[in-house]
2 protein chains.
Amino acid sequence: MGKTYSITDLAREFDVTSRAIRFYEEQGLLSPARKGQARVYSPGDRIRLKLILRGKRLGFTLDESRELFELYDPASGNQKQLLTMLETIQAHKNNLSQQMHDIQIMQLELDEAEQRCRQALSESQKDKHHRIQSGV
Amino acid sequence: MGKTYSITDLAREFDVTSRAIRFYEEQGLLSPARKGQARVYSPGDRIRLKLILRGKRLGFTLDESRELFELYDPASGNQKQLLTMLETIQAHKNNLSQQMHDIQIMQLELDEAEQRCRQALSESQKDKHHRIQSGV
DNA sequence: GATTACCCTTACGTAAACGTAAAGGGTAAT
DNA sequence: ATTACCCTTTACGTTTACGTAAGGGTAATC
């Protein structure tokens with residue numbers, strides 16, 4: 001009953017190669033079921049892949065993403081590691097704040113670049129008209 | 001008169017190695033003046049380095065950063081490339097929006113992870129007290 | 001004058017994240 | 001039964017962004 005996906009299904013959906021998906025498994029980020037030799041991915045596996053790719057967009061290494069997954073795993077029990085875990089989380093939160101800030105600044109700068117670009121375009125249009133008018 | 005910086009000045013300020021800074025130059029992202037053999041960096045060079053590092057935090061490759069610098073350069077004149085330039089800018093803006101979105105979601109998730117973590121900690125504290133009270 | 005602290009170039013090494021064959025098996029339509 | 005398309009594993013190759021010696025010059029300091 002549960003929906004399943006082949007490796008190419010997921011590869012197509014998320015625009016990655018099947019090689020990449022196998023690589024994530026090799027690195028311990030995915031562990032799909034098997035049907036014979038073939039990999040069979042559950043909706044949970046699919047989400048997991050989605051998270052990996054989001055992590056990548058944010059500049060996380062695969063190791064970091066794997067570590068984050070462990071934060072969400074029921075297997076986390078170990079109490080002594082809870083403080084370490086909090087530090088990890090805090091570090092990630094700090095990085096994200098920094099990135100957020102970086103993005104806002106860069107968006108402003110790109111807006112300015114766009115304006116200058118449009119300006120330059122409209123002026124080259126004016127020049128064209130001028131040349132036409134003056135018969136050059 | 002103009003303030004200048006040595007390579008180690010900048011390396012210390014931005015917490016990168018001088019090797020890295022030389023590498024950026026090798027890739028055409030910086031071109032400091034020279035005094036004899038030694039590199040001499042102007043305030044402009046310093047800003048440039050700052051931008052490179054910000055780009056890196058946002059997942060830009062050095063090639064992409066170099067391309068962005070060209071968008072801001074007075075040497076940009078070429079009119080035919082203005083449209084290509086606008087496309088490049090738009091693509092970057094789209095990526096940044098996506099990243100912004102990714103960050104917001106991940107911040108929420110990290111907040112939740114933190115809460116669960118603190119919860120687990122306080123419960124392990126309660127257990128401790130309980131064990132102490134009951135003399136185990 | 002020897003140590004310390006910079007600076008340089010050249011060049012090989014490396015980690016991460018796949019790309020890219022090579023060689024083969026499974027099944028479904030033509 | 002052959003074409004086509006899926007799947008597999010093994011394994012070497014590649015790009016990016018530096019790290020890490022190795023070897024040598026300069027300038028201040030003890």
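Just so it is clear: chains get the letters A, B, ... in the order the sequence lines come, proteins before strands, and each one is counted from 1.
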- Query: If you measure from the Lys or Arg side-chain nitrogens to the Asp or Glu carboxylate oxygens, is any gap between B:R118 and B:E114 under 4.0 Å?
  - Reply: yes
- Message: In whole Å, I'd like the distance from the OH atom of A:Y41 to the C1' atom of D:dC6.
- Response: 14 Å
- Less than 4.0 Å between a side-chain N and a carboxylate O, is that true for B:E25 and B:R48? no
- B:Q37 side-chain proximity, nearest of D:dC6, D:dT8, C:dC8: C:dC8
- Among the nucleotides D:dT8, D:dT16, D:dC18, which one has an atom lying closest to any side-chain atom of B:D63? D:dT16
- For atom CG of A:L49 and atom C1' of C:dC18, their distance in whole Å: 14 Å
- Taking 4.0 angstrom as the limit, do B:E109 and A:K93 come out as a salt bridge? no
- In whole angstrom, give the distance that lies between atom CG of A:D9 and atom P of D:dC5. 16 Å
- Note on the structure: Any strand, both distances under 3.5 Å, Watson-Crick or G-U wobble: C:dT30 pairs with D:dA1
- Side chains of A:D111 and A:Q115: donor-acceptor distance under 3.5 Å anywhere? no
- Ion pair A:D102/B:R57, N-O distance below 4.0 Å: yes
- Query: Within the structure shown, what part of the strands sits under 4.0 Å from A:S18 by heavy-atom distance: base, sugar-phosphate, or nothing?
  - Reply: nothing
- Query: Rounding to a whole Å, what distance do you find between B:R22:CZ and D:dA21:P?
  - Reply: 16 Å
- Could one point to a donor on the side chain of B:R19 or the base of D:dT20 with an acceptor on the other under 3.5 Å away? yes
- Regarding the side chain of A:R34, the nearest nucleotide among D:dT9, D:dC18, C:dC8 is D:dT9
- Would you say A:T17 reaches C:dC18's phosphate, i.e. side-chain N/O to OP1/OP2 under 4.0 Å? no
- Message: Categorize A:R66 for me: base, sugar-phosphate, or nothing, with a 4.0 angstrom heavy-atom threshold over every strand shown.
- Response: nothing
- Query: Which residue lies toward the 5' end of DNA chain C, B:E26 or B:I7, if each is placed at its nearest nucleotide?
  - Reply: B:I7
- What is the distance, rounded to the nearest whole Å, between atom CZ of A:F60 and atom P of C:dA16? 17 Å
- Message: Any side-chain N or O of A:T8 below 4.0 angstrom from OP1/OP2 of D:dC5?
- Response: no
- C:dT10 P sits how many Å from B:F23 CZ, rounded? 15 Å
- Query: In terms of side-chain heavy atoms, does B:S42 have a donor or acceptor partner in B:D45 at a distance below 3.5 Å?
  - Reply: yes
- Query: Hey, does B:R39 reach any base, or is it just sugar-phosphate, or nothing, if we go heavy atoms under 4.0 Å?
  - Reply: sugar-phosphate
- Query: Can you find a side chain N or O atom of A:K56 that sits less than 4.0 Å from OP1 or OP2 on C:dC18?
  - Reply: yes
- Round to the nearest Å and state the distance from A:E64 atom CD to C:dA16 atom C1'. 12 Å
- Gap between atoms CG and C1', on A:L62 and C:dA15 respectively (whole Å): 12 Å
- Message: On the nucleotide C:dC6, are OP1 or OP2 found under 4.0 Å from the side-chain N or O atoms that B:S6 carries?
- Response: no
